[in-house]
*Asks:* 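One structure follows; several queries about it will come next.
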There are 2 protein chains.
Amino acid sequence: MPYQPPIGYVLKQAQSLLRLRMEQELVPLRLTVSQYSCLHALKREPGISAAALARSTFVTRQSMNTMLQLLLDRGLVERPESVENGRALPTTLTAEGANVLDAAQTRVDEVERRMLSGLQHADQAALSRMLSACVNALS
Amino acid sequence: MPYQPPIGYVLKQAQSLLRLRMEQELVPLRLTVSQYSCLHALKREPGISAAALARSTFVTRQSMNTMLQLLLDRGLVERPESVENGRALPTTLTAEGANVLDAAQTRVDEVERRMLSGLQHADQAALSRMLSACVNALS
DNA sequence: TATGGCATGTCAGTATCCTGACATAGTATT
DNA sequence: AATACTATGTCAGGATACTGACATGCCATA
């Protein structure tokens, strides 16, 4: 009877390995996984605030603002210095940011494809559904 | 047709939330999740080296040695200063370390039980199997 | 024997992310 | 209108993990 690792451990293992592979693929683009996640969220929701961006990417808003500063310096994102209504500063991708994201997306998709290569299509849907159920149960 | 988040994102979401809940449960024991993982691995493999411990818990051996120093200071683990054969220093749990781990294990098990509460028993096995398949595909 | 390769432990420096705190702007409540 | 509440952005400080480098001890191979 072999040792049966708890699901939490396998979950951690899978996520760590996925992150590592993504990190390796993104090195040539000088992008960390967190930065990629940030650009990805910005494409989905242009003009989102930094705080909302932080929630999307599972970091604090302080960390997000530090990250955004780096991306600003590289010219991948844009942000007004002030806004007439409200406090939130809407952030958007620049043209170059969109280009870098596209290149990153290609590589990330390939990693994900490889990760799922051992699963049938129906299994992939089931995996997604079960993970979502886990998230809901802990929310 | 709703937006379909990639599995990598759901995976990250689940793992982040699980870690957060574990962290919250372990606060009263003054234990981080990494420290819990370390004690857990030590119970499974008494006398394991710090480098092997690091691999088990997905950190570098440098980080593990820092962590072990904290656990040593709290008297939760033991480690000889030298050994006659080889270079690896075998680390073991102290009695108090085993006690703290037991208390932590109870809380962690409860979190995992909650996470899986929405899944049938067969689904839990399937989830574990599919996550392992992902790990294998990326290894 | 001796030489190279590999694993372990450790030191130093850096990067990243976190917690705590505060000011500001909008919203809800009384 | 006045007050409390929430959300956002920002500053400061600290905790944690990482990369790079080096010495030491085992093992395989020439």
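Every chain is numbered from 1 and lettered A, B, ... according to where its sequence line falls, protein lines coming before strand lines.
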*Asks:* B/Ser34 side chain N/O closer than 4.0 Å to the phosphate oxygens (OP1, OP2) of D/dA17?
*Replies:* yes
*Asks:* Does B/Thr60 make a side-chain N or O approach to OP1 or OP2 of D/dC18 shorter than 4.0 Å?
*Replies:* yes
*Asks:* Could you state the atom-to-atom distance from CG of A/Leu53 to C1' of D/dA7 in whole Å?
*Replies:* 15 Å
*Asks:* When you match A/Gln62 and A/Gly86 each to their closest nucleotide on DNA chain C, which lands nearer the 5' end?
*Replies:* A/Gln62
*Asks:* For B/Leu39 and B/Leu31, what are the C-alpha separation, side-chain angles and deciding distance, and is it a side chain to side chain contact (heavy atoms under 4.5 Å, CB included)?
*Replies:* CA-CA 10 Å; B/Leu39 298 180; B/Leu31 231 51; 4.0 Å; yes
*Asks:* For C/dG20, take OP1 and OP2 only and decide whether either is under 4.0 Å from a side-chain N or O of A/Arg61.
*Replies:*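 Answer is no, no contact under 4.0 Å.
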*Asks:* Once you round it to whole Å, what is the distance between C1' of D/dA7 and CE of A/Met64?
*Replies:* 16 Å
*Asks:* Transitively linked via ILVMFWY side-chain contacts under 4.5 Å: A/Leu89 with A/Leu42?
*Replies:* no
*Asks:* Rounded to whole Å, please give me the gap between CD1 in B/Ile48 and P in C/dT8.
*Replies:* 10 Å
*Asks:* With a cut-off of less than 4.0 Å, is there a side-chain N or O of B/Arg55 near OP1 or OP2 of C/dA7?
*Replies:* no
*Asks:* Of the nucleotides C/dT8, D/dG9, D/dT16, which one has an atom closest to the side chain of B/Thr32?
*Replies:* D/dT16
*Asks:* D/dT10 P sits how many Å from A/Arg87 CZ, rounded?
*Replies:*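 In whole Å, D/dT10 P lies 7 Å from A/Arg87 CZ.
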*Asks:* Let me check something: do A/Met67 and A/Ile48 share a hydrophobic cluster, defined by ILVMFWY side-chain heavy atoms less than 4.5 Å apart, either directly or through other members?
*Replies:*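 Yes; A/Ile48 is reachable from A/Met67 via cluster members.
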*Asks:* Contact class for A/Ala50 vs. all strands (heavy atom < 4.0 Å): base, sugar-phosphate, or nothing?
*Replies:* sugar-phosphate
*Asks:* What is the nucleic acid contact for B/Ser63, judged by heavy atoms within less than 4.0 Å: base, sugar-phosphate only, or nothing?
*Replies:* base
*Asks:* Calculate the interatomic distance between A/Asn85 atom CG and C/dT27 atom P; express it in whole Å.
*Replies:*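 In whole Å, C/dT27 P lies 7 Å from A/Asn85 CG.
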*Asks:* Tell me which one of A/Thr66, A/Asn65, A/Asp73 satisfies side chain to side chain donor-acceptor pair (under 3.5 Å) with A/Gln69.
*Replies:*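 Only one of A/Thr66, A/Asn65, A/Asp73 forms a side chain to side chain donor-acceptor pair (under 3.5 Å) with A/Gln69, namely A/Asp73.
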*Asks:* By nearest heavy atom, map A/Glu84 and A/Phe58 onto DNA chain C; which one lands nearer the 5' end?
*Replies:* A/Phe58
*Asks:* Nearest whole Å is fine: how far is C/dC17 P from A/Arg19 CZ?
*Replies:* 7 Å
*Asks:* Expressed as a whole number of angstroms, how long is the span from B/Gln24:CD to C/dT19:C1'?
*Replies:*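 Result: 14 Å.
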*Asks:* For the residue pair A/Ser34 / A/Arg19, report whether a side-chain donor-acceptor contact shorter than 3.5 Å exists.
*Replies:*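 Looking only at side-chain atoms, A/Ser34 and A/Arg19 do form a donor-acceptor pair, the distance falling under 3.5 Å.
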*Asks:* To the nearest Å, give me how far apart CG (B/Asn65) and C1' (D/dT19) are.
*Replies:* 15 Å
